[in-house]
Participant: 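So that we are looking at the same thing, I have put the structure below in structure tokens.
Keep in mind that the numbers below use all heavy atoms, side chains included, and drop hydrogens, waters and symmetry copies.
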Amino acid sequence: DVHDESMLSIELRHHSSLTTLNHRWPVLRQAYALRPDGKRGTVRTGRTREWTNSRDMHAEDQLVTAAHIRDIPTTAKYEDAFVELVAWFWTEGTIRRGRANQSVMICQSERANPGYVTRIRETLTSLFGPESDGSHGGRTVGTPRWREQLNRANQVRMFRLSVAASEALIEVAPNRVVTHGFLRSLTRSQLHLFLDVSMIADGDPVK
């Protein structure tokens, strides 16, 4: 708790903070040097990484809000197909809650995105084998299965996962919120895969 201390409020398009004046920040600070031609004045020579605090922050300092992971895993904990399925789940999925169990359904428009429908189908087949005939009704706990249905009214393809197939997804993304532990376990290529699929599922092209 802070009482009777001066504070710094920063409100930018992608940043909002209220800090005490001794709060430390990693910043990119503009560096200067004397003009090489011998004339009076200075020239910019680029930015350097420095630590500063709210009291001594310059108007042209750039706040560092992201950085590369230093100790990114090199050995995969999960299959690539599972990483992709988690991306489809948290962007296009829903959790169907029963009395005792939860199951996952992932939807995609057959009319607007037939390629994405194919990609989801191939991912599910890679993980759990061919589509089930649906006789288990999604209630089978022991065997991971899936089946698909088409809503002919809006041409939306619905991929329904059994309880067993849903458990691992819900574990790494409870309530469709991906856990920090799952993201920290991904290799660099899997992080790119997860982000790329999340972007295209959300309607943004991957550049």
Participant: Does one side chain, of S162 or W146, offer a donor that lies under 3.5 Å from an acceptor on the other?
Facilitator: no

Participant: I'd like to check T94 versus V104 (side-chain heavy atoms, cut-off strictly below 4.5 Å). Are they in contact?
Facilitator: no

Participant: Check side-chain hydrogen bond (donor to acceptor under 3.5 Å, both in side chains) between E79 and all other residues, then give those that pass, not counting sequence neighbours.
Facilitator: none

Participant: To the nearest 0.5 angstrom, please state how far the CZ atom of F82 sits from the CD atom of Q190.
Facilitator: 10.5 Å

Participant: For the residue pair S16 / E11, report whether a side-chain donor-acceptor contact shorter than 3.5 Å exists.
Facilitator: yes

Participant: Any idea which heavy atoms bring A81 and T123 closest together, and the distance?
Facilitator: O-CG2, 3.1 Å

Participant: Quick one, L193 and E84 - any side-chain contact, counting heavy atoms below 4.5 Å?
Facilitator: yes

Participant: So, do F89 and F159 sit near enough that their side-chain heavy atoms are less than 4.5 Å apart?
Facilitator: no

Participant: Do H23 and L18 have side chains that approach each other closer than 4.5 Å (heavy atoms only, starting at C-beta)?
Facilitator: no

Participant: Just to verify, what does H15 make a ring pair (Phe, Tyr, Trp, His ring centres under 6.0 Å) with, not counting sequence neighbours?
Facilitator: W25

Participant: Can a side-chain donor-acceptor contact be found between R97 and Q102 if the only test is distance below 3.5 angstrom?
Facilitator: yes

Participant: Any chance you could lay out the salt bridge (Lys or Arg N to Asp or Glu O under 4.0 Å) test for R160 and E148, step after step, and finish with the verdict?
Facilitator: CA-CA 6 Å; R160 301 177 183 272; E148 62 179 274; over 6 Å; no

Participant: Any salt bridge between E92 and R176, counting N to O under 4.0 Å?
Facilitator: no

Participant: In Å, rounded to the nearest 0.5 Å, how long is the span from CZ of R24 to OG1 of T52?
Facilitator: 9.5 Å

Participant: Return yes if some donor-acceptor pair links the side-chain N/O of Q62 with the main-chain N/O of V27 below 3.5 Å, else return no.
Facilitator: no

Participant: What side-chain donor-acceptor pairs closer than 3.5 Å can you find for residues 63-72, not counting sequence neighbours?
Facilitator:
{"residue": "D71", "atom": "OD1", "partner": "R184", "partner atom": "NH2", "Å": "3.1"}
{"residue": "D71", "atom": "OD2", "partner": "R184", "partner atom": "NH2", "Å": "3.4"}

Participant: Without hydrogens or angle criteria, can the side chains of T19 and S54 be said to hold a donor-acceptor pair below 3.5 Å?
Facilitator: yes

Participant: Would you compute the distance between atom CD1 of I10 and atom CE of M57 and round it to the nearest 0.5 angstrom?
Facilitator: 4.5 Å

Participant: Looking only at non-hydrogen atoms, find the nearest pair between Y78 and S185 and report the distance.
Facilitator: CE1-OG, 3.3 Å

Participant: Taking R145 first and then E131, would you say they form a salt bridge - that is, a charged N and a carboxylate O separated by under 4.0 Å?
Facilitator: no

Participant: Provide the closest heavy-atom pair for L191 versus L183 in the form atom of the first, atom of the second, distance.
Facilitator: CD2-O, 3.8 Å

Participant: Run the ring-ring contact (aromatic ring centres under 6.0 Å, His included) test on W88 and Y116 for me, step by step, so that the C-alpha distance in whole Å, both residues' side-chain angles and the decisive distance to 0.1 Å come before the verdict.
Facilitator: CA-CA 10 Å; W88 289 114; Y116 297 169; 5.7 Å; yes

Participant: E110 versus L150: any side-chain heavy-atom pair under 4.5 Å?
Facilitator: yes

Participant: Answer yes or no: are there more than 12 heavy-atom neighbours, outside R35 itself, under 6.0 Å from its atom CZ?
Facilitator: yes

